[in-house]
Undergrad: 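Take a look at this one; I'll ask things after.
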Amino acid sequence: MSQQLSEQELVRRENLQKMIDLGIEPYPGTTYPVTHTAKEVHEGYTEGSEDYKEVCMAGRFMSRRIMGKASFAEIQDSTGRMQLYVSRDDITDGEDTTFYNQVFKKLIDLGDFIGIKGFAFMTKTGTLSIHVKELTILSKSLKPLPIVKTDADGKVYDGVTDPEFKYRQRYVDLTVNPEVRETFVQRSKMINAMRNFMTERMYLEVETPVLQPMYGGAAARPFKTHHNTLDVPFYLRIANELYLKRLIVGGYDGVFEFAKDFRNEGMSRFHNPEFTMMELYVAYKDYEWMMDFTEEMLEYVAMQVHGTTELQVGDNVISFKRPWKRYTMFGAIEHFTGIDCSEMDEAALRETAKSLDIHIDKGLGKGKIIDEIFGEKCEHQLIQPTFITEYPVEMSPLAKKHPTKPGIVERFEGICNAKEICNAFSELNDPIDQRQRFEDQLELGKRGDEEAMQLDEDYLRALEYGMPPTAGIGIGIDRLAMIMTNQKSIQDVLFFPQMKPEGKSKTVSEELGEKFSGKSNETDKENVS
RNA sequence: GGUCGGUUAGCUCAGCUGGUAGAGCAACGCCCUUUUAAGGCGUGGGUCCUGGGUUCGAACCCCAGACCGGCUACCA
């Protein structure tokens with residue numbers, strides 16, 4: 001592998017060598033005794049105070065302004081930046097000014113990690129700075145960082161905006177764009193808040209298989225792989241629902257999992273092939289209870305992340321204050337179109353859709369037509385968090401039927417900012433009904449529905465032993481994070497969103513693909529013949 | 001999958017009707033003891049995404065491809 005180095009990269013390698021020649025270890029291995037972060041000093045320091053007389057900080061060297069025998073510089077740690085005042089005579093040893101004139105002024109490059117010890121003070125112009133008494137090289141950087149500058153008005157110069165660059169080299173994006181770091185801090189706070197909320201209620205966080213011999217719990221196309229020793233196919237899970245409900249059968253009152261799920265489908269602003277879903281199942285509860293729970297949890301989450309329930313998301317202010325609006329699906333359609341279709345048969349629904357300019361495929365049944373009308377006419381108008389309840393049974397093979405309304409199940413979705421963020425129901429625990437629903441799915445599969453569910457005999461066996469009445473919910477963590485962090489694309493709330501392989505690695509992956517992919521049989525045949 | 005747009009220096013971007021490739025920051029050199037997005041003066045740095053074609057001549061026009069993005073479709 002040869003690599004062509006740019007002029008700037010060559011200069012940095014020369015600087016590295018010069019440091020080594022001067023006896024400076026560019027990659028020291030010892031612990032550096034950091035005592036403060038930039039944020040702590042900025043928040044804690046008051047002019048003239050005796051605090052912060054001895055601070056030790058570390059971070060990336062981000063700017064340098066040399067003024068003869070004195071200089072100003074900035075380092076950036078995980079919390080922000082701190083200005084440094086570096087005077088030649090403070091960091092050099094008497095006559096020998098090499099460390100200042102050579103090392104500090106020339107050999108340290110922007111992006112290097114350094115450590116400093118010194119004291120905090122206020123400059124003439126009123127900028128809090130650390131007067132450096134000792135400076136240590138902690139790690140040399142060999143590639144130039146794009147330097148982003150922000151002026152007093154907050155205007156950003158030379159920001160790294162190219163999405164490909166940001167996603168492929170997220171480490172650079174995180175280094176130079178502090179707001180990106182903050183987005184992921186907020187995502188982490190959000191998940192922690194949810195975990196705390198559920199753990200306080202004594203629900204148990206569990207782990208269930210990612211590799212599953214059959215996939216279930218959602219309607220989606222899976223990724224397929226192969227286990228060599230057992231010589232059987234495995235699927236990456238599209239959901240963990242059926243495993244969590246087995247645990248309810250086993251006697252836990254509440255179980256939840258933050259699960260990476262995998263769906264072999266299109267990619268978009270709202271879809272990544274792997275994504276995070278939090279699923280929770282609670283025994284002896286129903287979907288009404290789960291709505292109350294969801295409202296309460298997300299209000300708590302908003303408070304934990306932002307300290308308020310009113311969030312700016314795009315052009316809207318979204319309120320997570322309880323209670324949310326609730327519509328039945330028919331009620332929502334009536335509210336937004338003025339049409340009551342709760343009593344309509346399939347033909348009348350088809351006619352209604354046509355009158356609303358909605359194209360309906362011939363194969364669709366009653367439930368799907370209702371869902372189409374809702375999707376076209378209602379969903380995009382639901383900005384504030386809203387529950388939609390009472391879904392058609394055909395679309396919900398794992399949900400319990402409504403006790404009085406035929407064709408309806410006890411299910412709700414939470415819609416926010418015009419997108420589904422959660423999906424929940426009173427879980428179907430009647431094993432005979434469940435078997436029938438699976439068989440209906442198999443029928444759909446035979447008719448070509450690639451997303452029809454498989455019949456899971458072991459799950460049915462578990463239900464036959466008995467599952468208590470249970471409420472379950474799945475919350476799309478990435479979509480919720482988009483709302484909680486005010487991001488337009490799922491790629492902006494995933495550190496490493498899925499992308500096409502870079503460069504010419506295609507031939508390599510194709511070779512590997514022949515060995516490991518589910519398509520190996522076809523490929524082998526081709527090779528033989 | 002459809003469609004529109006993009007790809008030029010380490011980064012952000014200009015580049016007219018086809019006529020020797022540009023700026024700011026970053027880098028390098030010199031000057032300066034408290035600067036404020038970037039102090040002053042100077043210097044270097046390019047596979048103009050790739051491959052063909054048209055032309056005396058292509059960053060620019062044509063064809064094919066790669067990659068990226070917006071919208072759209074699919075995704076209960």
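Naming convention: chains lettered A, B, ... in sequence-line order (proteins, then strands); numbering from 1 in each chain.
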Undergrad: Please report the distance separating the C1' of B:rC4 from the corresponding atom of B:rA76, rounded so that it comes out in whole Å.
TA: 31 Å
Undergrad: Say we look at B:rG46 and B:rA37: how far apart would their P atoms be, to the nearest angstrom?
TA: 32 Å
Undergrad: Looking only at atom P, what distance separates B:rA9 and B:rU17, rounded to whole Å?
TA: 23 Å
Undergrad: Report which part of the nucleic acid A:Leu110 touches: base, sugar-phosphate, or nothing (heavy-atom distance under 4.0 Å, all strands).
TA: sugar-phosphate
Undergrad: Below 4.0 angstrom from OP1 or OP2 of B:rG69, is there any side-chain N or O of A:Gln491?
TA: yes
Undergrad: P atom, B:rG44 versus B:rA23: distance in rounded Å?
TA: 11 Å
Undergrad: Of all residues at least two apart in sequence or in a different chain, which pass the side chain to side chain donor-acceptor pair (under 3.5 Å) check with A:Thr46?
TA: none
Undergrad: Among B:rC68, B:rU33, B:rA76, which nucleotide has an atom closest to any side-chain atom of A:Met395?
TA: B:rA76
Undergrad: Has the side chain of A:Gln8 got a donor or acceptor that lies under 3.5 Å from a partner of the other kind on the base of B:rA26?
TA: yes
Undergrad: Would you indicate, yes or no, if B:rC30 has its OP1 or OP2 atom less than 4.0 angstrom from a side-chain nitrogen or oxygen of A:Lys106?
TA: yes
Undergrad: OP1 or OP2 of B:rC32 versus the side-chain N and O atoms of A:Arg65: is any pair under 4.0 Å?
TA: no
Undergrad: Kindly list each side-chain donor-acceptor pair under 3.5 angstrom involving residues 170-179 of chain A, sequence neighbours excluded, with atom names and distances?
TA:
| residue | atom | partner | partner atom | Å |
| --- | --- | --- | --- | --- |
| A:Arg170 | NE | A:Phe495 | O | 2.7 |
| A:Arg170 | NH1 | A:Asp173 | OD2 | 2.8 |
| A:Arg170 | NH2 | A:Gln491 | O | 2.7 |
| A:Arg170 | NH2 | A:Leu494 | O | 2.7 |
| A:Asp173 | OD1 | A:Lys166 | NZ | 3.0 |
| A:Asp173 | OD1 | A:Asn177 | ND2 | 2.7 |
| A:Asp173 | OD2 | A:Lys166 | NZ | 3.4 |
| A:Thr175 | OG1 | A:Tyr171 | O | 2.7 |

Undergrad: How far, in whole Å, is B:rG29 from B:rA66 if one measures between their P atoms?
TA: 44 Å
Undergrad: Does A:Gln83 reach a base, just sugar-phosphate, or nothing at all? Heavy atoms under 4.0 Å.
TA: base
Undergrad: Not counting sequence neighbours, which residues clear salt bridge (charged side-chain N to carboxylate O under 4.0 Å, His left out) with A:Glu410? List them please.
TA: none
Undergrad: Which dot-bracket notation, 5' to 3', represents the base pairing of RNA chain B when pairs are defined as Watson-Crick or G-U with both distances under 3.5 Å, crossing pairs as [ ], and inter-strand pairs as |?
TA: (((((((..((((.....[..)))).(((((.......))))).....(((((..]....))))))))))))....
Undergrad: Over 60° means perpendicular and under 30° means parallel, so classify the ring planes of A:His36 and A:Tyr52, tilted if in between.
TA: perpendicular
Undergrad: Under 4.0 Å, heavy atoms only, any strand: does A:Met453 hit a base, just the sugar-phosphate, or nothing?
TA: base
Undergrad: Please give the distance between the C1' atoms of B:rA14 and B:rU3 as a whole number of Å.
TA: 28 Å
Undergrad: Distance between the C1' atoms of B:rC48 and B:rC60, in whole angstroms?
TA: 10 Å
Undergrad: Heavy atoms only, 4.0 Å cut-off, all strands: where does A:Asp162 land among base, sugar-phosphate and nothing?
TA: sugar-phosphate
Undergrad: Let's see if you get this right: which residues in residues 258-268 of chain A place a heavy atom under 4.0 Å from RNA chain B?
TA: A:Glu265
Undergrad: Assess, by modelled atom type and distance only, whether the side chains of A:Asp109 and A:Asn15 contain a donor and an acceptor separated by less than 3.5 Å.
TA: yes
Undergrad: For B:rG15 and B:rG24, measure between their C1' atoms and round to the nearest Å.
TA: 15 Å
Undergrad: Which nucleotides of nucleotides 1-7 of chain B have their base under 4.0 Å from a protein heavy atom (B), which only their sugar-phosphate (S), and which neither (-), written as one string 5' to 3'?
TA: -------
